[in-house]
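Everything on this sheet refers to the single structure shown next.
Order of the sequence lines sets the chain letters (A, B, ...), proteins ahead of strands, with each chain counted from 1. Below, each value reflects all heavy atoms present in this structure, side chains not excepted, and no hydrogens, waters or symmetry copies.
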Amino acid sequence: MTDYEAVIGLETHIQLNTLTKIFCACKADSWNAAPNTNICPVCSGLPGVLPVLNEKAVEKAMLLAAAMHAQIQSLSFFDRKNYFYPDLPKGYQISMYEAPLATGGYLDLPLPQNEARRVRIAKLHLEEDAGKTKNAGGKRLIDFNRCGVPLVEMVTSPDLRSAEEAAQYLTRLRQLLRWLGVSEADMEKGHLRCDANVSIRPRGAAYLNPKTEIKNVNSIDAVREAVQKEIERQAREMEAGHTIESWTLEWDEDSGKLKKMRSKETEADYRYFHEPDLLPLHISEEWKKSILTALPELPLERRQRFVTQYGLPEYDADILTAERSLSDYYEQTVKAYGGDPKKVSNWLMNDVLRMLNEKGMTADQLRLLPAHLAEIIRLIDEGVINNATGKSLLEKVQASGETPAAIVAREGLAKVSDDAAIRSICQEVIAENPAEVENYRNGKATLMGWFVGQVMRKMRGKADPNLARAILEELLAQ
Amino acid sequence: MSALTDLTLRAALQGLRQGAFSSCDLTEACLERIERLDGTLHAFLTLTPELARQQAQAADQQYAAWRQDPSRGLPPLLGVPLAVKDVFCVSGVRTTCGSHILENFVPPYSATPVERLLEAGMVMLGKTNTDEFAMGSSTENSAYGATRNPWQPERVPGGSSGGSAACVAARMAPAALGSDTGGSVRQPASFCGICGIKPTYGRVSRYGLVAYGSSLDCPGAFARSVEDVALLFERMAGFDRRDATCVDVPLPEIHLPSEGESSPLRGVRVGVPQEYFIQGIQPAVEQAVRQAIAEMERLGASVEAVALPHTAYALPVYYLIAPAEASANLARYDGVRFGPRQPADTLWEMFRRTRGVGFGAEVKRRIMLGTYALSAGYYDAYYGQAQKVRTLIKQDFECAFEKVDVIAAPVAPSTAFRFGEHSEDPLAMYLEDVFTLPANLAGVPGLAFPVGFDAQGLPIGIQLMAAHYREDILFRVGHAYQLATEWHLQPPPLYV
């Protein structure tokens, strides 16, 4: 069998999380709203009304464009894309065509073995969303709520080479969108939508075969699965000597199967022309500058820096930079702590992340501040408390907002390292458990742990366990 | 004493302030006259007498309160009746655009120019007839029947704002709103012997004006004197954040010459473009326009020739750009929400049938023209090329206005034509707009007013054009001319 490689391009639609729609004052988000309750004359296309551009949508698109290393154009135009469909109330969509908001751009996708796949961006522009239709009871129903929601359409070049890479791209894109705060990027809610163009060719070939387009994939897992199945189908077809036809396929989530929607006919003629109701979009240097000062360090850059600056394993760096507030939290803790950054990473990955998951919070919402966590680690380092006390302090600080030191002082949680106090408790334990003492002295050395545990229990965990063990060994040897 | 309906807007305002009559008196006089004449003229598509009476009563109360306490102030156009072309949305009032496809559309909002005139105190009489979606030069394309010219009922009033022009000429209203995409205010003003302004593009908000050719559409106004038109314009104009193409350029103070002023046009340079005095123009029209220019010279203006070399291209350019924009603007009328939905087995068949039944022949013709001009493979040769030539036409005006303050030209090649005279020949009909289209393509303001009559007693109009945002100079020249002449005071010899 020929060794094939896949050639994949992804077309994404990203719903920007602006407060209002792109050309009117309706709320942008209609999640849970009853059909046709979040509409106005403008977004529902009544006669005589006019669009007015929401600059916030432009600004969020500018941030995304800059993060994708695309060139933001000083002059761009909105265009009318003409087609008839019942969910398109004006009979045209306001989009961008020959002079889009930004050109060029790429995302470097980290691959195993420190490699990266450069995924080029072929298209990046702003547009308005259309509504939704569905069939019910022999009728076709229309909901205009989504009309006019601001979208960025972003299309990659055919640079992805496997289903896994396609999934990786979407994961990284979703991470970036949330990192920038420009979209909720929830695929299940349609904030991030993806169509995949797939073709295959013998590995190393430079030409492109006819491609199929997969629509209606609503999660990253579904993209991975649908693309993989399509690659396999195309390989089977080619091996059988068939040619691949340019179909549009629909992913059926329930059956996990691809279904043919239609043969791709000639390219539709959308008769684009500049939207005369809107002025050309001029983006001045000052405007661009004022928006791009808010551009943060990007996730993949930060991930790399965590490896080099803090000596973290890639695995840790990846998890800690999955989300912007967590990575900020990490750095603030490292700074406040001043000690081994890997130790801080362990605390975050084991304990703080669990806490976040349980509470459904993000790191910036915790009452347990980076300074608190740093203090807890330091108290352990200094031998003031033991590890178990340190872990229990996490919840206590989170619940009360008090500093760890204050809780330790009030609850008397500091380790007892006073030899005399521990010794008297050890003597008590030995006196109360003659049978165990007998067994120990007869050679059952594993009972030492049990004796230490008894001492710790009597001292409510405050004893220095190493000291207790030493004293017990001394007393039991007598 | 002349009838209340003969009063100009300014005279009516004066009478209302002095308490010579009430807004209710004036409104009833208009409604009565509409009742008497409109069966023949058919200027109105929808009358709003209840609304008019309510607004008139409210106006009279405001006048009464003002007389008690003059410090309260008054809205500037309080109590004067207004007719509105049926392409402007008026909240709660049916808005048809002269089309079957909108026969039941009642907008929940008002167009900005309507809102501003109502805020200024005007009284809404009703909605006037128009060529379907403002596409036409005669009102013969209205789905609800044509309007007749008050001067001669077998002739058209011009169009597309023919209903508004006819109702003002016939003294059914002292003022009316119109829209001008390629001459639709100026040409009917000329045919009906009244005055009409097409402002600078962007000067008056298009919000609530049902779109035809979005980059050309201008709300405009009719009245029986230039002074009245200026009063309306001042209230309509100005920035509106609901229209992104409406500019925030301050209105220049309008200084109208006063009676008895000698040489009121001293320092004004009038340009005469040879391209507008072409073969085929009705001799009486040319003669009247040239006489009017001579009168302006007598009033102190200097007159010189100017060149607008790309004038001949305005017609083809317009009939590519306007239909292209229209083809998109009218896509929303698909039977889903608007229009008498036609039953069909498939969605696409429903679209086709509804639009087939809902639109008239001229609208369909322009949608097809525009769709073709924008199609892949033709775009560059048609729409794209038209945009380039449009730039040249704009530059013609920029050059000319470096030399002169206003350009004077005929409004149309002929006076009002007979019904059916052009309706079988779309190209002949399109030629009616040949002198008015360039101002829309360039975005410059134009003012039409009467300057004489032909041998049949039909009014002849002149148009003055000025640089962007210089409506003030148009009003100055027009008013000076009207102080010295009486053409605008001639009423049509009504046959009823």
Are there over 12 heavy-atom neighbours, none belonging to A:Y97, within less than 6.0 Å of that residue's OH? no
Cut-off 4.5 Å, heavy atoms of chain A, and the answer for B:A373 is neither
Using every non-hydrogen atom in the two residues, find where B:A328 and A:N82 come nearest and quote the distance to one decimal. CB-OD1, 3.2 Å
Measure B:Y201 against the heavy atoms of chain A and call it side chain, backbone, both or neither at under 4.5 Å. side chain
If we only count heavy atoms from C-beta on, is the B:S214 to A:R80 side-chain gap below 4.5 Å? yes
Does atom OH of B:Y144 have more than 12 heavy-atom neighbours, drawn from other residues, nucleotides or ligands, at distances under 6.0 Å? yes
Contacting moiety of B:Y207, where chain A heavy atoms sit under 4.5 Å: both
Would you find more than 12 non-hydrogen atoms of other residues, nucleotides or ligands less than 6.0 Å from A:K132 atom NZ? no
Region of A:F23 in contact with chain B, defined by heavy-atom distances below 4.5 Å: neither
4.5 Å side-chain heavy-atom contact, B:C89 and A:L46: no
Taking CG in A:N135 as the centre, count heavy atoms belonging to other residues, nucleotides or ligands within less than 6.0 Å. Is the count above 12? yes
Closest non-hydrogen atom pair, A:P276 against B:T245: O-CG2, 3.4 Å
Closest heavy-atom pair, B:F338 versus A:G45, reported as atoms and distance to 0.1 Å, is CE1-O, 4.4 Å
Any idea which heavy atoms bring B:R241 and A:V52 closest together, and the distance? O-CG2, 3.3 Å
Out of B:L209, B:T112, B:D243, B:D240, which residue meets the side-chain contact (heavy atoms from CB on, under 4.5 Å) rule with A:L50? B:D243
With heavy-atom distances below 4.5 Å as the criterion, would you say the side chains of B:L102 and A:P47 are in contact? yes
For residues A:V42 and B:R242, determine if any side-chain heavy atom of one lies less than 4.5 Å from a side-chain heavy atom of the other. no
Donor-acceptor contact present, side-chain B:R337 to main-chain A:P89, <3.5 Å: yes
Measure across A:Y272 and B:L374 and return the closest heavy-atom pair with its distance rounded to 0.1 Å. O-CD2, 4.4 Å
Looking at A:K134, I want to see if its NZ is surrounded by more than 12 non-hydrogen atoms of other residues, nucleotides or ligands under 6.0 Å. no
Got A:Y92 and B:N329 here, is their nearest side-chain heavy-atom distance under 4.5 Å? yes
For chain B, find which of A:I142, A:D269, A:L278 contributes the most heavy-atom pairs closer than 4.5 angstrom. A:D269
Within a strict 4.5 Å, meaning less than it, do heavy atoms of the B:Y379 and A:R271 side chains meet? no
Counting heavy atoms not belonging to A:K211, are there more than 12 under 6.0 Å from its NZ? no
Can you tell me which of B:Y109, B:F88, B:F105 forms the most heavy-atom pairs within a distance under 4.5 Å of chain A? B:Y109
Pair count under 4.5 Å, heavy atoms only, with chain A: among B:D334, B:T371, B:V336, highest is B:T371
In Å, rounded to the nearest 0.5 Å, how long is the span from OG of B:S215 to CZ of A:F273? 8.5 Å
If I measure from the heavy atoms of chain A, does B:Y378 come under 4.5 Å with its side chain, its backbone, both, or neither? neither
Pairs of heavy atoms under 4.5 Å with chain A: top-ranked of B:G384, B:A376, B:G213, B:C97: B:A376
Closest non-hydrogen atom pair between B:W348 and A:F84, with its separation: CH2-O, 3.1 Å
For A:L19, I'd like to know if atom CG has over 12 heavy atoms of other residues, nucleotides or ligands within 6.0 Å. no
